[in-house]
Amino acid sequence: MQHTLFLYNTLSRRKEAFLPQNPPFVGMYVCGPTVYGDAHLGHSRPAITFDMVYRYLLHLGYRVRYVRNITDVGHLEHDLDEGEDKIAKKARLEQLEPMEVAQFYMNRYHRNMDQLNTLPPGIEPVASGHIIDQIATIERILKNGFAYVSNGSVYFDVLAYSQHHDYGKLSGRRIDDLLTDTRELEGQEEKHFPADFALWKKASPEHIMRWPSPWSDGFPGWHLECSVMGAKYLGIPFDIHGGGMDLIFPHHESEIAQSVAAYGSEHVRVWLHNNMVTLNGQKMGKSLGNAISLDDVFTGNHPLLDQPYSPMTIRFFVLQAHYRSTLDFSNDALQAAGKGLKRLLAGMDALEKLKPSDHSSVNVHEWEDKCYEAMNDDFNSPVLIAQLFDGLHMANLIGAGTETLSVEDLSHFKKSFLTFVTDVLGLKHEEQDQPSDLVSGLMETLLQLRERARGKKDWETADMIRKELARLKINVKDTKEGTVWEKISD
RNA sequence: GGCAACAUGGCCGAGUGGCUAGGCAGAGGUCUGCAAAACCUCGUACACCGGUUCGAAUCCGGUUGUUGCCUCCA
């Protein structure tokens, strides 16, 4: 580990050298999905971002325990049916068991994540499997005087907490501002202070998802599961906590407060937050009708999409922007990304054909250092990608004989390039649909006929075959190695 | 309304107080029967108005716009 990695810590608002508590071990917790619907484009960002973080830490030689939760209880609908759980609501609508709904969408989420080539977390705890741990934590918070029971529910006492600690340190919010913000919300009458949040919520009679507790039959509050499950599997404090920027307040702010209230210390050393996704410059939201599911993106089945975009195109596109910048999805941008990715992967294959020389005219190690510099600077994947394209250019010059590499340097260059593309960025060739034997046979015959015509300089026939195939979205290319064909997709 | 962040060439998107980002598109060229693909060469952009500075797109202030959070949210 000759390179120092710098991370932007939301808590300090600056880049800090990453020094794990117990190297080479690293504990990382990332906020996962609430499984009540299909994953959409917005979900791809944290998934790919923290997959890149995970992959790079592994590449640097760290032993990473990666925990990503699945939220299957606890989130409240904000406007209707006060106190009804999102999962329970969906279950009633679809006449399914709540757990059935959660399982269904969890399976689909996993499939999408697999398509995006994200590595599975080492532990993927579900909130409903940790009710006992959450109750125990609530009891500790109550005992420490930072919570109160109100009508069967338990609330975190933000004012009591802020007497001794800084509620708002992560998000930059002030208690005074929270006070002035006098929005009317339902269920507020049980709270002593508007900013107080539920640790345990009493279930209404029709509420399906419920567990017994010392206070009522109910369910755990919004923010508790991450504090509890992070502490359980990673210990306190752990090195990295990741998630979307929209979770900074109130979710992560409240997590910190809960951990301090329960355990006496903060549970996270470095907070990493990915920025949000927009679509054609607009916020993406279900209410705006522009939250495109990943399945729809992959199939192109959405009015806003001109064509399908493959999982690797999405992955490459996401990595082409820095994770802390907003990222705007548009057809133009995705098409550009698809083409760039194709060229990068084809170039990677072409590296294999390079021939070494007796000396090197370019400095491979300097090039490689720039790749590491990019990633070490708070995971600057766009700069790494630019560097890879520069490497590609270098490879082309070597292929043309303009530049040379020694046997040793060439081998190092190939290995390094491949490692950055596949291991660190997690990019790979997408398996094409293999043509059937029938299609292959037909194409072979057709191209032989065309070759025969070309041999006789019968350009009219040769061009007709190519033109007709083009209408079937088949591209025929006469290369030096012979004629090849490919299906035109995106 | 309150609190933040951002505003870069046709599009996407890095970075930086003076020194090439990169991708896509576009132009020219090599190759080719033609085409496609591939490769080579090419762009001096940084919202607006002030200020600091020898010098700012990069720092400071203001304006406008966009986005996020303040309510489940990746």
Side-chain angles (χ1 to χ4, degrees), chain A residues 13 30-34 36-37 39-50 71 74-79 85-86 168 171-174 176-178 180-183 185-186 195 222 242-251 253 273-278 281-287 291 316-317 320-322 324-344 346-347 350 374 377 380-390 392-393 395-397 399-400 402 454 457-459 462-463 466-467 470 475-480 483-486 488:
Chain A
R13 287 163 198 280
V30 176
C31 283
T34 302
Y36 67 98
H40 56 76
L41 266 179
H43 292 96
S44 68
R45 182 89 119 132
I48 292 168
T49 296
F50 292 106
T71 300
H75 286 252
L76 305 173
E77 290 276 355
H78 74 283
D79 49 1
D85 192 284
K86 270 187 178 172
S171 58
R173 267 159 228 277
R174 316 184 66 83
D176 300 347
D177 295 337
L178 294 174
T180 29
D181 187 23
T182 54
R183 271 172 187 258
L185 293 171
E186 293 187 49
W222 311 349
M245 255 182 194
D246 53 340
L247 296 177
I248 292 175
F249 191 89
H251 186 57
E253 193 72 63
H273 290 99
N274 64 274
N275 212 318
M276 311 307 283
V277 157
T278 55
Q282 276 205 324
K283 175 190 174 178
M284 210 173 73
K286 291 188 186 72
S287 53
F316 182 72
F317 181 66
Q320 250 192 327
H322 186 82
R324 284 193 288 111
S325 301
T326 52
L327 178 61
D328 186 46
F329 281 84
S330 65
N331 283 293
D332 285 348
L334 286 170
Q335 280 157 18
K339 286 176 187 172
L341 172 66
K342 193 178 169 191
R343 194 159 82 80
L344 183 70
D377 183 15
N380 199 327
S381 55
V383 168
L384 172 60
I385 289 171
Q387 197 56 33
L388 290 172
F389 276 105
D390 281 350
L392 210 57
H393 185 213
N396 289 329
L397 294 179
T402 314
R454 290 183 75 210
K457 295 193 188 295
D458 179 4
W459 308 127
D463 290 349
R466 187 170 63 194
K467 202 173 161 188
N475 192 21
V476 175
K477 297 186 284 192
D478 300 317
T479 70
K480 278 176 186 162
T483 302
V484 296
W485 65 278
E486 64 180 5
I488 304 165

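Here is the naming used below: chain letters follow the sequence lines, and residue numbers restart at 1 for every chain.
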Between A:Gln387 and A:Leu247, whichever has its closest RNA chain B nucleotide further toward 5' is A:Gln387
Between A:Ser171 and A:Gly42, whichever has its closest RNA chain B nucleotide further toward 5' is A:Ser171
Partner residues of A:Thr483 under the side chain to side chain contact (heavy atoms under 4.5 Å, CB included) criterion, sequence neighbours left out:
A:Leu447, A:Arg450, A:Glu451, A:Arg454, A:Val476, A:Asp478
Tell me every residue that passes ring-ring contact (aromatic ring centres under 6.0 Å, His included) with A:Phe316, counting only those two or more places apart in sequence or in another chain.
none
Taking [atom1] from [X] and [atom2] from [N], how many angstroms apart are they, rounded to a whole number?
X	N	atom1	atom2	answer
A:Phe249	B:A5	CZ	P	17 Å
A:Leu344	B:C24	CG	P	10 Å
A:Phe389	B:A21	CZ	C1'	13 Å
A:His273	B:A74	NE2	C1'	10 Å
A:Asn275	B:A7	CG	P	11 Å
A:Leu384	B:G15	CG	P	13 Å

What's [X] touching, base or sugar-phosphate or nothing? Going by heavy atoms closer than 4.0 Å.
X	result
A:Val484	nothing
A:Ile248	nothing
A:Met245	nothing

[atom1]-[atom2] distance between [X] and [Y], expressed to the nearest 0.5 angstrom:
X	Y	atom1	atom2	value
A:Leu334	A:Leu341	CG	CG	11.5 Å
A:Leu392	A:Asn396	CG	CG	5.5 Å
A:Leu327	A:Gln320	CG	CD	9.5 Å
A:Phe329	A:Thr278	CZ	OG1	8.5 Å
A:Asn274	A:His322	CG	NE2	10.5 Å

Any side-chain heavy atom of [X] within less than 4.5 Å of one from [Y]?
X	Y	result
A:Asn380	A:Pro382	yes
A:His251	A:Asp246	no
A:Val383	A:Asp377	no

Among all residues two or more places apart in sequence or in another chain, which pass the salt bridge (Lys or Arg N to Asp or Glu O under 4.0 Å) test with A:Arg343?
none
[N] and [M]: how far apart are their [atom1] atoms, nearest whole angstrom?
N	M	atom1	value
B:C11	B:A5	P	27 Å
B:A56	B:C49	P	14 Å
B:G13	B:G2	C1'	32 Å
B:U58	B:G9	P	15 Å
B:G33	B:G43	C1'	34 Å
B:U44	B:A57	C1'	12 Å
B:U32	B:G15	C1'	40 Å
B:A21	B:A4	C1'	28 Å

Stepwise side-chain contact (heavy atoms from CB on, under 4.5 Å) check, A:Met276 with A:Met245
CA-CA 7 Å; A:Met276 311 307 283; A:Met245 255 182 194; 4.2 Å; yes
Find the runs of at least 3 consecutive base pairs, i with j, i+1 with j-1 and so on, that include RNA chain B, using Watson-Crick or G-U wobble geometry with both distances under 3.5 Å.
B:1-7 with B:64-70, B:10-12 with B:22-24, B:26-30 with B:38-42, B:47-51 with B:59-63
Report yes or no: is there a donor-acceptor pair, N or O only, under 3.5 Å between the side chain of A:Arg173 and the base of B:C70?
no
Heavy-atom nearest pair, A:Ala374 first then A:Leu384, reads CB-N, 3.7 Å
Would you tell me if any nitrogen or oxygen in the side chain of A:Thr34 comes within less than 4.0 Å of OP1 or OP2 on B:A74?
yes
Protein and nucleotides 9-13 of chain B: nitrogen or oxygen contacts under 3.5 angstrom:
{"unit_1": "B:G13", "atom_1": "OP1", "unit_2": "A:Asp328", "atom_2": "N", "d": "3.1"}
{"unit_1": "B:G13", "atom_1": "O2'", "unit_2": "A:Gln320", "atom_2": "O", "d": "3.4"}

Strictly under 4.0 angstrom, non-hydrogen atoms only: write out the protein contact profile of nucleotides 25-40 of chain B, one letter per nucleotide from the 5' end, B, S or -.
S-----S-BBBBS-SS
